[in-house]
Amino acid sequence: MSEKRIMVIGGGPAGLEASRGIVELGYELVLVEHLEELGGSPISADYAALTPDMEDTGVAMARMVDAVVGNENADIRLSSSIASVEGSAPNFRVTVESGGESEVVEVGSIIVATGFKHFDPGRETQRYGYYEFDDVITLIDAERMLKGGGFVRPSTGEPPKTVCFIQCVGSRDRQIGNQWCSKVCCGVATKEAIEIKHLLPECRVIVFYIDMRVYGFWEDQLYWKAQEEHHVNFIRGIISEVTKRGDTVVVKGEDTTMGRPMEVPMDVVILSVGMEPSDGTLAMAEMLGLPLECHGWIETIDGALNTVQTPVDGVFVAGAAAGPADLEDSISMGGAAALKACSFVRRTSLPTI
Ligand SMILES: Cc1cc2nc3c(=O)[nH]c(=O)nc-3n(C[C@H](O)[C@H](O)[C@H](O)COP(=O)(O)OP(=O)(O)OC[C@H]3O[C@@H](n4cnc5c(N)ncnc54)[C@H](O)[C@@H]3O)c2cc1C
Ligand code: SF4
């Protein structure tokens, strides 16, 4: 095929699906990932199992990786970074640095799939004691423990008798400037609650929520299942502070259904931290001249009607680089971006009559 190559930046779920689309359509791919392994956040942050079927994350992501690695059209650069981008579509000259060497790679189109980062609950506005108390952890810390096959109270190494989740940490919060809902944390907290109850049936597990946002099939596959089969308690409330009394962490706030203050001692508190644009996403936006939408993620040109096209000709975005996204969103966007990038390089390489 004589058309130009397409570059995908970021080898997470969105970038892998975009890559698969490109090679399956017979186009040449250059995939640049700055970590030494493909798979994105589910692999680098050690997620245990994925919603809604609880499939082992390593097994699920290996299927995505295997669909690209080994394809004769795929040139995969791991532990690599983008140093600069010159030119414009369909003649981009991208300098890729790997192992101390740099190479200029010519491509006709670029897909940015550089994802998100987890909100840091140590910010000064947060009163949840993440860096003070061993028994206050995040969804990601909990994933790591669950991946290891157990769940313990970090300060003692013993199984906890009480565990709670605090929802919307770093999301839906005007004070810190993160007004968005991070979309996945209600579902992920519910999934982890089920996994904890599965390991520790006697443990009391509570989810403190502002309102539960589980979308589509996650409603009955996760949320109802957690309540009906695993007896997870969901309490509508706003948690203002986590403190310590003796050896126990104490969650303080307001039960907004009953309209009364509450103070609950807990063995383990899990903060449902949200998503923010990753450093790589912001760096690529700046390098490629991509405008950010009002919340700070990469902007697309026509909202819901065109979720992957940026205002810069020949540059597309996929997955959580464009806003909070679950796997379904990210993978769908990856496929759509592949199709648009292939169509772009084909159109721009046709001879003009
Ligand atoms: C705790 C937790 C659990 C979750 N569990 C689920 C679940 O069970 N089900 C579900 O649907 N969703 C889940 N999600 C959401 C899921 O993680 C995201 O939907 C998904 O990872 C987004 O994929 P992505 O490829 O857009 O981004 P990412 O997964 O963030 O991948 C981006 C990739 O780009 C790379 N990169 C970044 N910058 C650069 C750069 N400059 N150059 C080269 N490479 C770069 C990164 O290293 C990474 O490999 C969970 C989220 C969290 C926080
Ligand atoms: S998904 Fe749930 S926990 Fe996450 S920000 Fe939205 S409402 Fe809050």
Side-chain angles (χ1 to χ4, degrees), residues 7-19 31-55 57 60-61 64 77-83 96-97 111-119 138-144 146 165-173 178-192 195 207-216 218 222 270-285 287 317-331 333-334 337:
M7 177 172 282
V8 174
I9 306 173
L16 284 170
E17 183 63 13
S19 299
L31 170 59
V32 180
E33 165 56 55
H34 73 173
L35 298 180
E36 56 191 18
E37 197 178 359
L38 295 172
S41 300
I43 294 298
S44 62
D46 287 325
Y47 300 171
L50 298 177
T51 57
D53 305 325
M54 308 291 186
E55 184 177 7
T57 305
M61 292 313 301
M64 296 201 75
R77 317 275 180 107
L78 298 178
S79 307
S80 299
S81 58
I82 308 292
V96 180
E97 288 183 347
I111 297 173
V112 179
T114 41
F116 72 100
K117 68 178 177 191
H118 304 103
F119 175 77
T138 63
L139 283 180
I140 301 95
D141 301 323
E143 288 286 345
R144 289 211 166 99
L146 291 164
F165 292 81
I166 301 177
Q167 297 304 99
C168 301
V169 176
S171 309
R172 305 176 68 196
D173 186 337
N178 290 0
Q179 281 102 322
W180 57 84
C181 165
S182 287
K183 265 189 176 176
V184 296
C185 10
C186 279
V188 172
T190 307
K191 174 197 76 99
E192 290 186 4
E195 288 171 291
V207 179
F208 291 113
Y209 66 93
I210 299 174
D211 39 41
M212 281 303 283
R213 296 184 173 178
V214 277
Y215 299 88
W218 289 10
L222 290 171
I270 303 176
L271 306 179
S272 289
V273 289
M275 293 181 168
E276 292 186 323
S278 73
D279 297 344
T281 290
L282 298 178
M284 287 307 108
M287 203 178 280
V317 62
D326 65 10
L327 287 173
E328 214 173 295
D329 298 332
S330 306
I331 291 169
M333 288 172 81

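We count ligands from 1, going down the list as the structure has it; atoms in each ligand are counted the same way.
The backbone N or O of G334 lies less than 3.5 Å from no partner atom in the side chain of E17, so there is not a single donor-acceptor pair. Judged purely by atom type and a 3.5 angstrom limit, S80 has no side-chain atom pairing as donor or acceptor with the backbone of V96. A donor-acceptor distance shorter than 3.5 angstrom exists from the side chain of N178 to the backbone of G170, with no hydrogens or angles considered. Although no hydrogens or angles enter the test, the distance criterion places a donor-acceptor pair under 3.5 Å between the side chain of W180 and the main chain of M275. For S171 (side chain) and C181 (main-chain N/O), no donor-acceptor pair under 3.5 Å exists by modelled atom type.
Remark: E55 pairs with R63 by the side chain to side chain donor-acceptor pair (under 3.5 Å) rule, at least two apart or across chains. Contacts of A337 classified as side-chain contact (heavy atoms from CB on, under 4.5 Å), with partners at least two apart in sequence or in another chain: I111, V308, F316, A318.
Protein atoms of type N/O/S that fall under 2.8 Å from atom 8 (Fe) of ligand 2 number 1 in this view.
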Requested in this report: Assess whether side chain to side chain donor-acceptor pair (under 3.5 Å) is satisfied between S272 and Q167, documenting all intermediate values.
Outcome: CA-CA 5 Å; S272 289; Q167 297 304 99; 2.5 Å; yes
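Salt bridge status for K191 with E143: present, with a side-chain N to carboxylate O gap under 4.0 Å.
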With the criterion set at N/O pairs under 3.5 Å, what does the list of contacts between the protein and ligand 1 look like, atom names and distances included?
unit_1: ligand 1; atom_1: 8 (O); unit_2: T51; atom_2: N; d: 2.9
unit_1: ligand 1; atom_1: 8 (O); unit_2: T51; atom_2: OG1; d: 3.4
unit_1: ligand 1; atom_1: 9 (N); unit_2: T51; atom_2: OG1; d: 2.7
unit_1: ligand 1; atom_1: 11 (O); unit_2: L327; atom_2: N; d: 2.8
unit_1: ligand 1; atom_1: 17 (O); unit_2: Y47; atom_2: OH; d: 3.3
unit_1: ligand 1; atom_1: 19 (O); unit_2: A325; atom_2: O; d: 2.6
unit_1: ligand 1; atom_1: 19 (O); unit_2: D326; atom_2: O; d: 3.3
unit_1: ligand 1; atom_1: 19 (O); unit_2: L327; atom_2: N; d: 3.4
unit_1: ligand 1; atom_1: 19 (O); unit_2: S330; atom_2: OG; d: 3.4
unit_1: ligand 1; atom_1: 25 (O); unit_2: P13; atom_2: N; d: 3.2
unit_1: ligand 1; atom_1: 25 (O); unit_2: A14; atom_2: N; d: 3.0
unit_1: ligand 1; atom_1: 26 (O); unit_2: A320; atom_2: N; d: 2.8
unit_1: ligand 1; atom_1: 29 (O); unit_2: S41; atom_2: N; d: 2.9
unit_1: ligand 1; atom_1: 29 (O); unit_2: S41; atom_2: OG; d: 3.3
unit_1: ligand 1; atom_1: 30 (O); unit_2: S41; atom_2: OG; d: 2.9
unit_1: ligand 1; atom_1: 30 (O); unit_2: F116; atom_2: N; d: 3.4
unit_1: ligand 1; atom_1: 34 (O); unit_2: A113; atom_2: O; d: 3.4
unit_1: ligand 1; atom_1: 44 (N); unit_2: H34; atom_2: N; d: 3.2
unit_1: ligand 1; atom_1: 47 (O); unit_2: E33; atom_2: OE2; d: 2.6
unit_1: ligand 1; atom_1: 47 (O); unit_2: H34; atom_2: NE2; d: 3.2
unit_1: ligand 1; atom_1: 49 (O); unit_2: E33; atom_2: OE1; d: 2.6
unit_1: ligand 1; atom_1: 49 (O); unit_2: E33; atom_2: OE2; d: 3.3

